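Quick caveat: nothing in here was measured; it's all calculated off a predicted structure.
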Amino acid sequence: MKHIRTVSRAQSPALGATTPLEQLIILFLSVVFRGWDNVSPVVQNLQKFYGKT
C-alpha cells in the first residue's frame, strides 16, 4: 500500500518584500479604482498582506 504524499508546498517564512507579480496586481488595482475614496487604505493593506505572506 502506497501512502499519498502532501501535494502542497511547505510554508516558508515571509520575506517581507513583494514579488513583481504582486506589485503588478497592486498597481492594476490602484489604477482601476483610483476614483474611489478608500483606495489608499486598501492598497496599503494589500501591501502589508503581501509582505507577510
Side-chain angles (χ1 to χ4, degrees):
M1 181 174 182
K2 184 174 182 172
H3 293 281
I4 299 174
R5 292 183 289 155
T6 57
V7 177
S8 63
R9 175 178 82 171
Q11 289 184 337
S12 60
L15 300 174
T18 57
T19 65
L21 177 61
E22 293 166 345
Q23 291 175 355
L24 184 65
I25 292 169
I26 291 171
L27 177 66
F28 174 75
L29 290 175
S30 62
V31 168
V32 170
F33 297 109
R34 68 177 172 252
W36 288 19
D37 295 335
N38 63 344
V39 73
S40 179
V42 170
V43 170
Q44 289 174 356
N45 288 335
L46 274 175
Q47 289 172 337
K48 288 180 189 176
F49 172 76
Y50 283 138
K52 290 181 181 179
T53 58

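With sequence neighbours left out, Gln23 forms a side-chain hydrogen bond (donor to acceptor under 3.5 Å, both in side chains) with Thr18. Every residue was checked against the side chain to side chain contact (heavy atoms under 4.5 Å, CB included) condition with Leu24, not counting sequence neighbours, and none meets it. Qualifying side chain to side chain contact (heavy atoms under 4.5 Å, CB included) partners for Val32, counting only residues two or more places apart in sequence or in other chains: Phe28.
Across all non-hydrogen atoms, the minimal contact from Val43 to Ser30 is CG2-CB, 3.9 Å. When all heavy atoms of Ile26 and Gln47 are compared, the pair lying nearest together is CD1-CG, 3.4 Å.
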>> Is there a side chain to side chain contact (heavy atoms under 4.5 Å, CB included) between Tyr50 and Ile25? Walk through the geometry before answering.
In response: CA-CA 11 Å; Tyr50 283 138; Ile25 292 169; 3.9 Å; yes

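A chain of hydrophobic side-chain contacts below 4.5 Å, direct or via other Ile, Leu, Val, Met, Phe, Trp or Tyr residues, connects Trp36 to Leu29. Clustering ILVMFWY residues whenever any of their side-chain heavy atoms sit less than 4.5 angstrom apart, transitively, puts Leu21 in the very cluster that holds Phe49.
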